[in-house]
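Okay, structure first, notes after.
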Amino acid sequence: MAQSLATSARQLPKGSLKLLTYYQGTKDQVLNFTVANQGTCAAGGVAFACGQTGDVEGNGNGGMGVVKVLYQPWESFQYYGLFGAGNYSLRVPYNTVMNTLTGDNPGMMWGAGVKSVLVADTQFSPAIAIDAGLAQSRYKFNRRFPGGGAGVAANNNINQALTMSQYQVALEISHVFTLTDAEDKRDQKESGLSLLSSGLKLEPYGGVKWTRIRSDLHDLQDGSHAGGKQDTVSPFAGLRVPVYEHEAFFAEGSFVNGTQYAAGLEVRFK
């Protein structure tokens, strides 16, 4: 699935290390599979519409828990790696029926990337950053519902592996708004209270991202493949809410070629 950024465009102090834990969900994500019309209604052991050539659209749904580690060693660049585990199901068309592929075991996702802060956040102007990353996820399917169809055995047991390679570039903007006065700030600093106790800071962020997903559906029994690529340009928006100096909650969503959402906690160690 495409990646949520889970962080704002704000610059970090030199040597900062962040740990983010969050849930990421995807609903009706569009994936393309290239099918050649060779007198069969199947590709990779999965039924597609008879007589169809070119790209056939599938839909994915799933969710996973993600851990993301972000480090800024110097002034501008932030480097990150991420790992996730969760479930994913894929729907592919067969005439008037949508076959759903599911699996019992969780799939895995891993990735890495870099973010460059182009403009720092100040009292009078927002931060601007560009984020580039890549990730790969893999899921194994062992059941197909409702199943059947020409060229496909009536048995719903399958042995498929879906691999998705994702490349993403995002342009992001954010700004911190402090909803408290100078006296509240002074009292907060002296008492060590949270921002929620004596005021509130809000950091909305958003932008636009380009995502390319290469999908490969591999039949582990006969070795056949069905795959394709899907390019998506989508706006995204999020909100980061600092609670203490080093902790914050966030939520994020995008709504093109399906719905993607994420929410979780970040902890900064420096």
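All values derive from a computational prediction rather than experimental measurement.
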Point-to-point distance, once rounded to the nearest 0.5 Å, from CG of L101 to CG of L90: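 That separation rounds to 5.0 Å.
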
Spatial distance of atom OH (Y167) from atom CD1 (I213) [nearest 0.5 Å]: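 These two atoms lie 11.0 Å from each other.
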
May I ask you to check whether [X] and [Y] show a side-chain donor-acceptor distance below 3.5 Å?
X    : Y    : answer
S8   : E203 : yes
S89  : N61  : no
S174 : R10  : no
N159 : Q221 : no
E266 : Y22  : no

Between [X] and [Y] (side chain of the first, backbone of the second, donor and acceptor by atom type, cut-off under 3.5 Å), is there such a pair?
X    : Y    : value
S4   : A6   : no
S215 : N32  : yes
Q72  : L12  : yes
T122 : S125 : yes
K115 : L5   : no

Enclosure of F77 CZ (heavy-atom neighbours >12, cutoff 6.0 Å):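 Result for CZ/F77: open.
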
Step-by-step side chain to side chain donor-acceptor pair (under 3.5 Å) determination, T100 to R91: CA-CA 4 Å; T100 300; R91 294 187 300 163; 5.3 Å; no

Given side chains that start at C-beta, do those of [X] and [Y] come closer than 4.5 Å, heavy atoms only?
X    : Y    : result
I130 : V169 : yes
Y88  : M164 : yes
V176 : D121 : yes

Connected via hydrophobic side-chain network under 4.5 Å: Y79 and L70: no

Lys/Arg-Asp/Glu bridge criterion (N-O < 4.0 Å) met for [X], [Y]:
X    : Y    : result
R268 : E247 : no
K140 : D104 : no
K209 : D131 : no

Test log, rule salt bridge (Lys or Arg N to Asp or Glu O under 4.0 Å), inputs R240 and E252: CA-CA 9 Å; R240 178 178 175 271; E252 180 181 325; over 6 Å; no

